[in-house]
Q: 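One structure follows; several queries about it will come next.
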Amino acid sequence: VSCFTLDVPTMISHRQFRAQHGEQLGAELGMMLDKPCRGAKVQGPPAAGLCPRRQLPRRRRFALRAYSVAATAVAGSWLSSAFCVSQLPSASAQALQAEPDAKTSGRKLTLQDDPAFQKKKYQRNVEEDPGCNRDPKWGKFREYLMGMPEEARVDLAYETTMAWGLDNATNVDEEAKVCLLGLISLQYLFCKFLLEEVGSPEAAANSFRLLDTQAGALHPDLFDKASMQGALWPIDTSRIDALRRSLLRASVGGGTGGPDRRRRALGAYGLHDDDWRSVWSWQPGQALGTNAAPPPVKAGFSAASPGAPKPSFRIYVYEPENHPGLEQLARGAAFCKNNQWGMEIALHDWFLSCPCRTDKPDKADFFFVPHYTACLINHADTFLGCDTKDGCEPTTALFEKVLNESTFYHRTNGGRDHIFVWGSGMGADGPFSTWRKWIPNAIFLMTETELWNPYHNITMPSFTPHKDIVIPGKLGLEDMKSLSKLAMPIEERPFLGHFVGWPRPPHASVMRPEDCMNSSCPLNVRSVLLAMKEEADMHVDVDVPYKESFLGLTSSQFCFVPRGKSAWSSRFFQTFYAGCVPVLLNDLYEPPFGEFTSISKAVIKWPMASVKELVAYLRKIQAEYPEVIYAMQEAGEELRCWYAWPPSFAEWSWIELNKGNFNSTCANWHTRNAFVAVTKLLSTKVTTSRHRFYWPGDGLHAV
């Protein structure tokens, strides 16, 4: 995968890693294999703490070595210190890269010059030679692999990895440019073996992280075309998605759900029982807690101690393999998780790995319906004839099929116990145009509180305040870290205000778009802001690379967040990490989590039609009341962590997260984040009277 190094990588060889971490690996592997080293007299490096080869049968030796190889890749891979351009839209990281060639040509750089929009180096190889036949060793390996019985493939994968030196980070980097699908196949086989045969989600996650990042470089349609749906290579989108779900389900332990579940001490998001106890015991109006660093946790990945806290609710997660419609609606998690709509995947992952998940529908308070339609529809041609300009008929038909065939949907009126995530400005109207007929009472977790400009005929938002929950857009871990590092002290920032974006008229329900196309119309707020481009204290521009926007965020005291095609914008959440005070110019937008946070302490919300008066007001604050700016910035730092979606242990950025590199930005990231906020707010919607009928007798009968 084409990546850009952000710092000097620490390359750790296989032998060095075993020497440094042998004792830890030995303990983990002893637990993982359920057979500690009996009577082994193991001495110092390079294999301290590991069982001698002669004491383990071949299959078990392979499990141990495969895990240590995976751990080595985690420690030294090129991915650990580099940002892949496939992980859009992490533009703040890309801001540190060299300028594109356009700079040397003398013309102005535009958004299309940004590295995010350049064709990736590996893409041509995948499109022209997916079987890697141009490379003799990879072509021969693929033929041999596909000709073997499935149960024998993992042994060949391991032997090939060692023979070709693919436990070395530099070699992995080079081979990814030659045969991306081959590398993904190797990691897929490792992960599947470690999860299903060895039974260690933690070991499997080490392989899956590499697989997930590499697979995420390709749109699911391109991926499946290249792999010929598993006929050319032993992988396709559906298999990788299914493995991801199995890994996350296994991360929480066995059992059927709630306190009866056989739990692991630390789950996929790093929470232990005491953390969950604080989540489940929260009530509206309760204090948020402090920003102090979390206490150290001595227990590693292992069985949790008895006495699990009782969840506030139990949630059943629809399984795509049981619902053919969902297999099409929830595909390509590796690809879709990295963009601003990635919370659709993130929340699916969260509920799969939550102790609140139950596998018994009759015990469930909620039913979560996963789908990634914001991502898939925004990438044109995923669904034939479907884009963001009108409601999508193919996805609407799939949603109707899923609900019509569901045995759970019909138990309540209008889907009142079902949960859907809508991640884009289209709301529910774009992906599921008939939702008002099918799920008017369902709980929506959504970014959008208003209307989507291209839908002229829709005048009622799909957001309903009394039942739905507003959620933040998805920012990458690298974005949040980089913005925090680049942020200048308030007193050193050269600009009063910042805005980079395209002009947008209001929705057609407000006035005809053609009557509000420029700065002469106060409701075209973006045009009014762009008219200030020549003012010395304003950082304002249009059609520039992402770099310009991120530099403006980190060097301005106030950041304007006007309405665009719809109400919500990822720029609102970026401002908090950049240390810039957000100024909302969006009359009907409601920021997330106002139920338990003090939004007005960190945000200015100003009438859209009064921008000129706003600028005079901000200049007065800057000149006469600078302490107000400091106080609002500090309140923003307190608020921002609730707008973070930390990665799970199945994602590559989990490594960076657990190195402590995010602690300076959000000290309590594992308990103070968007996942926990959503979980707390959902707990207030639980009711014991949700079923139509119930009576005493042979257990509780719910119809």
Side-chain angles (χ1 to χ4, degrees), residues 6 83 87-97 99 109-111 114-116 339-340 472-502 525-526 529-530 532-533 535-564 568-586 589 591 602-606 611 614-615 618 621-622 629-630 632-644 662 664-666:
L6 300 182
F83 168 71
Q87 296 179 344
L88 301 181
S90 289
S92 60
Q94 296 174 17
L96 303 178
Q97 303 165 23
E99 294 281 13
L109 295 171
T110 69
L111 187 59
D114 193 272
N339 54 48
Q340 63 182 331
K474 175 81 180 297
L475 298 180
L477 185 69
E478 198 61 52
D479 268 0
M480 295 183 284
K481 286 169 47 187
S482 298
L483 283 169
S484 299
K485 289 179 181 178
L486 292 169
M488 299 174 64
I490 280 289
E491 65 276 7
E492 296 178 14
R493 299 191 176 207
F495 300 109
L496 172 71
H498 159 76
F499 171 70
V500 168
W502 299 92
V525 183
R526 289 173 167 233
L529 291 172
L530 290 170
M532 302 178 188
K533 181 178 178 179
E535 298 191 26
D537 60 351
M538 292 291 171
H539 184 272
V540 175
D541 213 334
V542 64
D543 193 16
V544 292
Y546 285 127
K547 174 180 179 177
E548 280 301 312
S549 178
F550 279 79
L551 291 178
L553 283 166
T554 55
S555 59
S556 302
Q557 295 182 347
F558 296 95
C559 290
F560 302 115
V561 187
R563 189 189 187 283
W568 91 279
S569 170
S570 59
R571 77 178 70 237
F572 175 72
F573 310 107
Q574 293 166 350
T575 61
F576 296 106
Y577 293 95
C580 187
V581 177
V583 181
L584 268 177
L585 294 167
N586 200 326
Y589 177 63
V603 179
I604 293 174
K605 188 173 183 181
W606 193 271
V611 173
L614 166 66
V615 174
L618 296 180
I621 290 180
Q622 183 188 50
I629 304 177
Y630 285 101
M632 296 194 76
Q633 185 193 52
E634 185 176 345
E637 291 179 357
E638 182 76 7
L639 175 64
R640 67 186 181 187
C641 300
W642 290 111
Y643 293 158
F662 192 52
S664 60
T665 303
C666 289

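In this chain, residues are counted from 1 in sequence order.
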Q: Under 30°, 30 to 60°, or over 60°: which ring-plane class applies to Tyr643 and Phe572, parallel, tilted or perpendicular?
A: tilted

Q: Ser556 and side chain to side chain contact (heavy atoms under 4.5 Å, CB included): which partner among Met538, His539, Met488?
A: His539

Q: Can you name the closest pair of heavy atoms from Leu553 and Arg493 and give their distance?
A: O-NH1, 3.3 Å

Q: Main chain of Tyr589, side chain of Lys605: is a donor-acceptor contact present, judged purely on distance under 3.5 Å?
A: yes

Q: Taking all non-hydrogen atoms of both residues, which atom of Met632 and which atom of Ile604 are closest, and how far apart?
A: CE-CG1, 3.7 Å

Q: If every non-hydrogen atom of Pro582 is compared with every non-hydrogen atom of Val561, which pair is closest and at what distance?
A: CB-CG2, 4.3 Å

Q: Is it the case that atom CD in Glu535 sees more than 12 heavy atoms from other parts of the structure closer than 6.0 Å?
A: yes

Q: Check for a donor-acceptor pair, side chain of Gln340 on one end and backbone N or O of Gly473 on the other, with a separation under 3.5 Å.
A: no

Q: What heavy-atom pair brings Leu584 and Pro591 nearest, and what distance separates the two atoms?
A: CD1-CG, 3.7 Å

Q: Do Asp537 and Phe495 come close enough that some side-chain heavy atom pair is under 4.5 Å?
A: no

Q: Kindly indicate, with the supporting measurements, whether the criterion side-chain contact (heavy atoms from CB on, under 4.5 Å) is fulfilled by Phe560 and His498.
A: CA-CA 6 Å; Phe560 302 115; His498 159 76; 5.8 Å; no

Q: Would you say the side chain of Pro562 lies within less than 4.5 Å of the side chain of Leu529, judging by non-hydrogen atoms?
A: yes

Q: Identify the two heavy atoms, one from Leu530 and one from Gly501, that lie closest to each other, and give their separation to 0.1 Å.
A: CD1-O, 3.7 Å

Q: How close do Ala602 and Leu639 get, heavy atom to heavy atom, and via which atoms?
A: CB-CD2, 4.2 Å

Q: Give a yes or no answer on whether the side chain of Gln557 reaches the backbone of Ile490 with a donor-acceptor pair at less than 3.5 Å.
A: yes

Q: Taking atom types as modelled, is there a side-chain donor on Tyr577 or Glu637 under 3.5 Å from an acceptor on the other?
A: no

Q: Can you measure from CD (Gln622) to CG (Leu496) and round to the nearest 0.5 angstrom?
A: 5.0 Å

Q: Does the pair Arg571 and Phe499 meet the rule for a side-chain contact (heavy atoms from CB on, under 4.5 Å), with working shown?
A: CA-CA 9 Å; Arg571 77 178 70 237; Phe499 171 70; 3.8 Å; yes

Q: Can you check whether Asp541 reaches Lys533 side chain to side chain, under 4.5 Å on heavy atoms?
A: yes

Q: Any non-hydrogen side-chain atom of Gln574 less than 4.5 Å from a side-chain atom of Leu483?
A: yes

Q: Report yes or no: does Ser549 contribute a side-chain atom to a donor-acceptor pair with the main-chain N or O of Tyr546 at less than 3.5 Å?
A: no

Q: If you measure from CZ on Phe576 to CE on Met480, what distance do you get to the nearest 0.5 Å?
A: 13.5 Å

Q: Do any N or O atoms from the side chain of Arg640 and from the backbone of Thr665 form a donor-acceptor pair under 3.5 angstrom?
A: yes

Q: For the atom pair CZ (Phe573) and CG (Leu475), what is the distance rounded to the nearest 0.5 Å?
A: 8.0 Å

Q: Applying side chain to side chain contact (heavy atoms under 4.5 Å, CB included) between Phe558 and each of Thr575, Val583, Val615, report the one that passes.
A: Val583

Q: Please report the C-alpha distance between Asp543 and Val500 in whole Å, then the side-chain angles of each, then the deciding distance to 0.1 Å, and finally whether the side-chain contact (heavy atoms from CB on, under 4.5 Å) criterion is met.
A: CA-CA 8 Å; Asp543 193 16; Val500 168; over 6 Å; no

